[in-house]
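Have a look at the structure below, then the notes.
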Amino acid sequence: MTELVEEFYDEPTDYVEDEALGQIVDAMWASYFAHTEFLLPSFDQHDIEGDILAASVTISGARPGIVTVSVERALGLPLAAALLQDDGELTDEDVYDSLGEVANIVGGNIKALVPDAGPLGLPVVSTAKPLHGASDRLAARLDANWQGQWLTFEVWLAGGNGPENVGG
């Protein structure tokens with residue numbers, strides 16, 4: 001049995017690819033943001049420069065990973081207002097909770113694609129680019145524009161260097 005596990009980790013497999021991530025984000029956007037402008041995916045990567053807000057959720061289990069959503073800080077408030085359908089005074093906590101919820105929604109759907117996935121962690125929101133383990137590999141990425149600003153969705157999965165290195 002140990003040999004099968006080691007063999008499994010010798011051949012890294014991405015259970016999540018750009019197309020699947022794109023479909024998940026499209027479905028999430030249609031469900032929660034249909035009343036707003038369209039989200040415009042890009043074929044090119046657009047690294048967010050300047051002030052950033054990033055939310056991440058972890059996936060535990062046999063093939064752990066992390067799902068992240070990063071936005072230009074200025075996009076946080078309109079995103080929260082759209083998600084909450086509230087044009088009133090929103091707090092920083094509302095903005096952080098909303099971005100965390102977006103990461104949670106996307107992460108929950110990604111988790112469904114990963115065999116033997118364990119629980120989804122609680123969302124963590126920060127003002128820095130999200131970290132991932134040294135042995136993790138970028139499995140999928142989607143850059144999209146909304147209201148003239150960039151959002152980046154990423155899925156990092158544990159690398160294939162053996163179970164002792166899973167999770168970095």
Write down the atom of Val95, the atom of Ala80, and the distance for their closest heavy-atom approach. CA-CB, 3.8 Å
Just how far is it from atom CG of Leu39 to atom CG of Asn145, taken to the nearest 0.5 Å? 8.0 Å
Does some side-chain heavy atom of Ser98 sit less than 4.5 Å from a side-chain heavy atom of Leu84? yes
Heavy atoms, side chains only, cut-off 4.5 Å: are Val106 and Leu21 in contact? yes
If hydrophobic clusters are built by linking Ile, Leu, Val, Met, Phe, Trp and Tyr wherever their side-chain heavy atoms come under 4.5 Å apart, do Val67 and Tyr32 end up in the same one? yes
Atom pair OG1/CG of Thr58 and Leu120 - distance to nearest 0.5 Å: 6.5 Å
Side chains of Leu113 and Ile24: closer than 4.5 Å at any heavy-atom pair? yes
Ignoring hydrogens and geometry, is there a side-chain-to-backbone donor-acceptor pair from His35 to Ala82 under 3.5 Å? yes
Minimum heavy-atom separation for Trp150 to Ala144, with atom names? CE3-O, 3.1 Å
Any side-chain heavy-atom pair of Phe153 and Met28 under 4.5 Å: yes
Working to the nearest 0.5 angstrom, can you tell me the gap between Ser60 OG and Asp116 CG? 11.0 Å
Taking all non-hydrogen atoms of both residues, which atom of Ala54 and which atom of Ala128 are closest, and how far apart? CB-O, 3.4 Å
Using 0.5 Å steps for rounding, measure from the CD1 atom of Ile110 to the CD1 atom of Ile105. 13.0 Å
Might you point out which heavy atoms bring Lys111 and Gly118 nearest each other, and give the distance in Å? CE-O, 2.9 Å
Measuring from atom CG of Asp94 to atom CG of Leu83, what distance do you get when rounded to the nearest 0.5 angstrom? 10.5 Å
Could you measure the distance from the CG atom of Leu53 to the NZ atom of Lys129? Nearest 0.5 Å is fine. 13.5 Å
Can you pull out every salt bridge (charged side-chain N to carboxylate O under 4.0 Å, His left out) where at least one residue sits in residues 39-59? Sequence neighbours excluded, please. Asp47-Arg141
With sequence neighbours excluded, give me every ring-ring contact (aromatic ring centres under 6.0 Å, His included) pair touching residues 94-128. none
A side-chain contact here means heavy atoms from C-beta on lying under 4.5 Å apart; do Asp136 and Leu157 qualify? no
Glu154 side chain reached by Leu138 side chain, heavy atoms, under 4.5 Å: yes
If you look at every heavy atom in Ser70 and Ile48, which pair is closest and at what distance? O-CD1, 3.3 Å
Greater than 12 external heavy atoms within 6.0 Å of Phe33's CZ: yes
Are Ile52 and Leu99 co-members of a hydrophobic cluster defined by side-chain heavy atoms under 4.5 Å apart? no
Find out whether Thr127 and Arg73 are in side-chain contact, i.e. whether some heavy atom of one side chain is under 4.5 Å from a heavy atom of the other. yes
State plainly whether one hydrophobic cluster holds both Leu142 and Val114, where clusters connect Ile, Leu, Val, Met, Phe, Trp and Tyr through side-chain heavy atoms under 4.5 angstrom apart. yes
Suppose we screen for ring-ring contact (aromatic ring centres under 6.0 Å, His included). Which residues come up paired with Trp146, at least two apart in sequence or across chains? Trp29
Ignoring hydrogens and angles, state whether a donor on the side chain of Asp143 or Thr152 is under 3.5 Å from an acceptor on the partner side chain. yes
With side chains defined as the heavy atoms from C-beta onward, is the minimum distance between Pro64 and Ile59 less than 4.5 Å? no
